[in-house]
Amino acid sequence: MEPITIIVIIISIFCILLILYLTGIKLQIRDIKRQLECRNQEQTEGIVHLEMQDKAVRDMVVILNQTLKQEAGLRRNQNMQENEFRKLITNISHDLRTPLTVMKGYLQLLERCKIDETGKEYLAICFRHTDDLERRIRQFFEYSYWMNQEAEVKLHSINVTNIILNTMTDFIPVFEERGISMRLEDDTIYKAMGEEELLKRVMQNLLKNCLQFADGEVRVLIRAEHADKKRIRVCVQNPVAEAFRPDTARVFQRFYTGNEARSQSTGLGLSIVKLLVEQMGGEVFAAQEEDQFYVGFLLDQA
């Protein structure tokens with residue numbers, strides 16, 4: 001056999017072996033990708049297994065599995081801390097409600113007693129602060145309640161426009177008392193996939209947020225969006241004073257209150273909005289343009 005023929009055969013064999021090697025590597029990487037996707041979808045803590053034993057890939061998988069184990073440990077610790085935090089919030093809410101109820105009862109008894117004008121003024125201050133404390137405790141209790149809900153929300157077609165309009169109507173006396181006007185820009189009927197009670201709670205918290213920080217007329221806008229998928233967009237817009245302008249990247253964070261002048265807020269109202277909207281499969285948004293603050297959510301169109 002001629003030398004050239006031998007060289008050609010050797011090169012051909014080498015190429016075949018190289019192709020088989022690269023094909024094996026590709027199959028290994030594809031299998032690793034499949035295992036990682038299954039792990040993410042099923043939220044398991046399993047490690048990655050190899051059927052073929054290439055040293056370079058095996059070394060990579062060893063490091064990958066070490067990283068996955070560390071990530072699983074961090075996730076367990078985070079879940080444990082989150083569960084402890086939820087219990088803490090629930091316990092605090094329960095523990096504070098009883099003495100507060102007793103305190104209000106004694107204040108009401110004191111109100112019936114004969115006291116001078118100065119005493120009445122002090123008593124009014126006490127009532128105002130106990131009412132504020134009761135509101136804060138109620139919000140803590142509401143937050144802990146929704147955080148501990150494990151049952152999956154059953155979504156169905158709901159009339160978004162009617163629910164929002166009815167909620168706004170309930171708030172008219174309070175808005176008028178504060179000297180703040182509000183209006184729904186368009187009463188066109190829009191329907192989305194959601195749950196009536198959750199949407200009502202969402203709007204209540206958005207309007208309460210306006211009551212605390214709005215510096216002018218509140219506008220509620222509803223419209224349909226047809227980008228990547230059909231969605232209903234609900235936006236609450238209101239002007240805010242410069243001292244109260246929030247950090248839009250943080251407004252949905254738990255306990256975020258922005259400027260210290262906003263100390264009357266627990267920082268849970270918009271956190272509850274985010275929690276409930278996500279339970280309905282939607283997402284929240286917030287933006288700031290000059291003195292206008294925009295906050296709202298999107299739900300899948302029915």
Side-chain angles (χ1 to χ4, degrees), residues 25-96 136-137 139-155 195 198 201-202 205 228 246-258 260 262 265-287 295 297-300:
I25 294 294
K26 184 177 180 180
L27 290 173
Q28 286 182 340
I29 293 174
R30 185 179 296 173
D31 185 53
I32 291 171
K33 176 176 176 290
R34 179 189 59 78
Q35 291 183 59
L36 290 174
E37 288 176 344
C38 291
R39 186 179 186 275
N40 289 336
Q41 291 174 359
E42 298 173 4
Q43 294 293 310
T44 61
E45 296 184 1
I47 62 174
V48 174
H49 299 279
L50 277 180
E51 294 182 1
M52 301 177 66
Q53 294 297 317
D54 177 79
K55 185 180 184 305
V57 178
R58 185 173 65 249
D59 292 343
M60 181 193 71
V61 169
V62 169
I63 296 174
L64 177 61
N65 282 331
Q66 290 174 349
T67 304
L68 291 176
K69 288 179 180 179
Q70 291 175 356
E71 180 266 339
L74 290 173
R75 187 191 303 171
R76 284 195 299 272
N77 289 335
Q78 183 179 2
N79 290 338
M80 187 181 303
Q81 291 176 3
E82 187 69 24
N83 289 333
E84 290 177 355
F85 177 80
R86 294 177 186 177
K87 291 178 182 177
L88 176 64
I89 292 294
T90 303
N91 292 338
I92 289 175
S93 301
H94 281 294
D95 291 344
L96 291 179
R136 294 180 184 223
I137 293 173
Q139 199 168 48
F140 269 105
F141 186 79
E142 180 184 9
Y143 181 79
S144 63
Y145 172 80
W146 291 115
M147 281 288 290
N148 286 299
Q149 289 298 302
E150 297 181 354
E152 186 176 348
V153 176
K154 295 181 180 179
L155 304 180
E195 202 279 326
L198 296 192
R201 296 273 186 172
V202 166
N205 279 287
D228 54 337
D247 181 352
T248 55
R250 299 176 57 203
V251 292
F252 294 106
Q253 291 180 5
R254 194 166 52 197
F255 302 124
Y256 171 75
T257 57
E260 290 183 0
R262 299 174 59 174
S265 170
T266 61
L268 287 174
L270 294 184
S271 296
I272 294 174
V273 168
K274 183 176 186 293
L275 182 66
L276 300 184
V277 168
E278 289 179 348
Q279 286 184 4
M280 293 188 287
E283 61 181 282
V284 294
F285 63 86
V295 62
F297 57 92
L298 297 100
L299 295 176
D300 291 338

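Since the model is a prediction, treat every value here as computed from it, not as a measurement.
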Worksheet item: Between Met80 and Arg76, does a side chain to side chain contact (heavy atoms under 4.5 Å, CB included) hold up when you go through it step by step?
Response: CA-CA 6 Å; Met80 187 181 303; Arg76 284 195 299 272; 5.7 Å; no
Discussion item. Working note: Ile272 + Arg201, criterion side chain to side chain contact (heavy atoms under 4.5 Å, CB included); need CA distance, chi angles, decisive distance, verdict.
Written reply: CA-CA 9 Å; Ile272 294 174; Arg201 296 273 186 172; 5.7 Å; no
Fill in: side chain to side chain contact (heavy atoms under 4.5 Å, CB included) between Val153 and Leu276, worked out
CA-CA 10 Å; Val153 176; Leu276 300 184; over 6 Å; no
Discussion item. Using the rule given for side chain to side chain contact (heavy atoms under 4.5 Å, CB included), can you reason through Asn205 versus Leu270, listing the C-alpha separation, both sets of side-chain angles and the distance that settles it, and then say yes or no?
Written reply: CA-CA 7 Å; Asn205 279 287; Leu270 294 184; 5.9 Å; no
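The only option from Val273, Leu298, Leu275 that meets the side chain to side chain contact (heavy atoms under 4.5 Å, CB included) definition with Val284 turns out to be Val273.
In this structure, CD on Gln279 lies 10.0 Å from CG on Leu155, to the nearest 0.5 angstrom. Note that CG of Leu64 and CG of Leu36 are 5.5 Å apart. Values are rounded to the nearest 0.5 Å. Atoms CD and CG, on Gln66 and Leu68 in that order, are 10.0 Å from each other to the nearest 0.5 Å.
When all heavy atoms of Ser271 and Phe252 are compared, the pair lying nearest together is OG-O, 3.2 Å. Pairing each heavy atom of Glu195 with each of Met280, the nearest pair is N-SD, 3.4 Å. Between Phe297 and Phe285, the shortest heavy-atom distance links the atoms N-CE2, 3.3 Å.
The side-chain contact (heavy atoms from CB on, under 4.5 Å) search around Ala287 returns Tyr294, not counting sequence neighbours.
Heavy atoms from other residues, nucleotides or ligands lying under 6.0 Å from CD of Gln78 number 12 at most.
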